[in-house]
Amino acid sequence: VPSKGFDCARLEAVFDRCFADSENTRLIGGAAEPFYQPATIDQPINLLYFREDYFASALHEIAHWCIAGAERRKQLDFGYWYAPEGRSDDEQKSFEQVEVKPQALEWYFSSACHYPFRISVDNFGASGELPDTSQFRCDLVAQALYWQETLLPERALQFFNALAKEFETDIDVDVLEFDAEAVA
């Protein structure tokens, strides 16, 4: 692992080099909750906020941004819904369907940085226990392998390559291995 470590300022700098000019978007840490704010007349820059100074939160929000199409990037928080913890089984399944692509992409980004990837089901039940994640893990692997065969979305590939260079992993998407059992 490079000596500079997992400093979120590095992620912000890499994101800025990739997208500040071309996409008019800035990555900003320190938020109480992650949030995407599209540009307005009063705020002419798109702002992608991640939680506190959490490296994983930054990678996850960047993944959402890389997947969001042009119309979604015109909407607050990309137009996604969010149900708080305590979701029903059906709500949890809907959450996981929405989260498969960004979390698979986050896994790529984590690999490019040599940062440990952890899935997030973001739903503790009343007993404080996490729901069964076996199907979600399999879906993440399937999505990651699909992108390995078909290529990552354009902005995601650009950011992946920039991360691999910044974090001196020099890893290529073709050599990554995705295993449902290896994911924490």
Side-chain angles (χ1 to χ4, degrees), residues 6-87 91-113 115-124 136 139-140 143-144 146-147 151-164 166-167 173 183:
F6 300 114
D7 180 358
C8 291
R10 290 177 77 186
L11 290 179
E12 291 173 354
V14 171
F15 189 89
D16 281 356
R17 285 194 300 271
C18 290
F19 306 118
D21 292 333
S22 65
E23 300 289 338
N24 190 38
T25 305
R26 301 290 309 267
L27 178 67
I28 301 169
E33 291 295 329
F35 188 73
Y36 174 73
Q37 170 68 55
T40 63
I41 292 171
D42 296 329
Q43 173 60 50
I45 299 170
N46 303 304
L47 302 174
L48 181 62
Y49 293 97
F50 63 94
R51 187 173 164 133
E52 309 286 339
D53 62 350
Y54 300 148
F55 201 85
S57 176
L59 293 177
H60 184 77
E61 295 313 308
I62 294 166
H64 272 290
W65 180 84
C66 284
I67 291 167
E71 290 305 309
R72 284 239 183 235
R73 291 192 317 269
K74 292 177 184 175
Q75 299 177 53
L76 289 173
D77 232 6
F78 312 113
Y80 291 129
W81 61 270
Y82 181 77
E85 287 184 15
R87 290 186 285 273
E91 289 172 328
Q92 184 63 25
K93 285 178 184 160
S94 294
F95 171 83
E96 290 174 4
Q97 287 174 346
V98 170
E99 282 291 309
V100 166
K101 286 183 179 182
Q103 288 198 36
L105 193 50
E106 180 186 346
W107 197 352
Y108 273 90
F109 294 161
S110 295
S111 298
C113 302
Y115 183 79
F117 170 71
R118 299 180 75 94
I119 67 165
S120 175
V121 291
D122 200 28
N123 192 33
F124 291 95
F136 187 48
D139 293 345
L140 285 174
Q143 181 63 52
Y146 173 79
W147 274 330
L151 199 58
L152 290 173
E154 184 179 345
R155 286 175 290 136
L157 182 59
Q158 179 183 355
F159 191 66
F160 175 91
N161 289 331
L163 287 174
E166 170 69 23
F167 287 86
V173 295
V183 179

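Numbering starts at 1 and runs along the sequence shown.
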Counting C-beta onward and ignoring hydrogens, is there a side-chain heavy-atom pair between [X] and [Y] closer than 4.5 Å?
{"X": "Gln158", "Y": "Phe19", "result": "yes"}
{"X": "Leu76", "Y": "Phe35", "result": "yes"}
{"X": "Phe78", "Y": "His64", "result": "yes"}
{"X": "Tyr80", "Y": "Gln75", "result": "no"}
{"X": "His60", "Y": "Glu99", "result": "yes"}
{"X": "Leu11", "Y": "Leu163", "result": "yes"}
{"X": "Gln37", "Y": "Asn46", "result": "no"}

Quick one: closest heavy-atom pair of [X] and [Y], and the distance?
{"X": "Leu140", "Y": "Ala104", "value": "CD2-N, 3.6 Å"}
{"X": "Phe6", "Y": "Cys113", "value": "CE2-O, 3.3 Å"}
{"X": "Pro34", "Y": "Arg51", "value": "CD-CB, 4.1 Å"}
{"X": "Ala63", "Y": "Pro102", "value": "CB-O, 3.2 Å"}

Just how far is it from atom [atom1] of [X] to atom [atom2] of [Y], taken to the nearest 0.5 Å?
{"X": "Ile28", "Y": "Cys8", "atom1": "CD1", "atom2": "SG", "result": "13.0 Å"}
{"X": "Asp7", "Y": "Glu12", "atom1": "CG", "atom2": "CD", "result": "8.5 Å"}
{"X": "Tyr146", "Y": "Leu152", "atom1": "OH", "atom2": "CG", "result": "11.5 Å"}
{"X": "Cys18", "Y": "Glu23", "atom1": "SG", "atom2": "CD", "result": "10.5 Å"}
{"X": "Thr25", "Y": "Ile62", "atom1": "OG1", "atom2": "CD1", "result": "11.0 Å"}

* Does CD in Glu154 sit with more than 12 non-hydrogen atoms of other residues, nucleotides or ligands closer than 6.0 Å? -> no
* To do: Please say whether more than 12 non-hydrogen atoms of neighbouring residues, nucleotides or ligands are located less than 6.0 Å from CZ in Arg26.
  => no
* **Among Trp65, Phe15, Phe117, Phe159, ring-ring contact (aromatic ring centres under 6.0 Å, His included) partner for Phe109** => Phe159
* Asked: Using the ring of each side chain (for Trp, its six-membered ring), is Phe167 parallel, tilted or perpendicular to Phe55, with breaks at 30° and 60°?
  -> perpendicular
* Should the pair Phe160 and Tyr108 be assigned to parallel (<30°), tilted (30 to 60°) or perpendicular (>60°) ring geometry? -> perpendicular
Checking the side chain of [X] only, and the main-chain atoms of [Y] only, is there a donor and an acceptor separated by less than 3.5 Å?
{"X": "Asp139", "Y": "Gln97", "value": "no"}
{"X": "Glu61", "Y": "Leu48", "value": "no"}
{"X": "Arg155", "Y": "Ala68", "value": "yes"}
{"X": "Arg10", "Y": "Glu166", "value": "yes"}

* To do: Run the numbers on Ser57 and Glu52 for side chain to side chain contact (heavy atoms under 4.5 Å, CB included), then give the verdict.
  => CA-CA 8 Å; Ser57 176; Glu52 309 286 339; over 6 Å; no
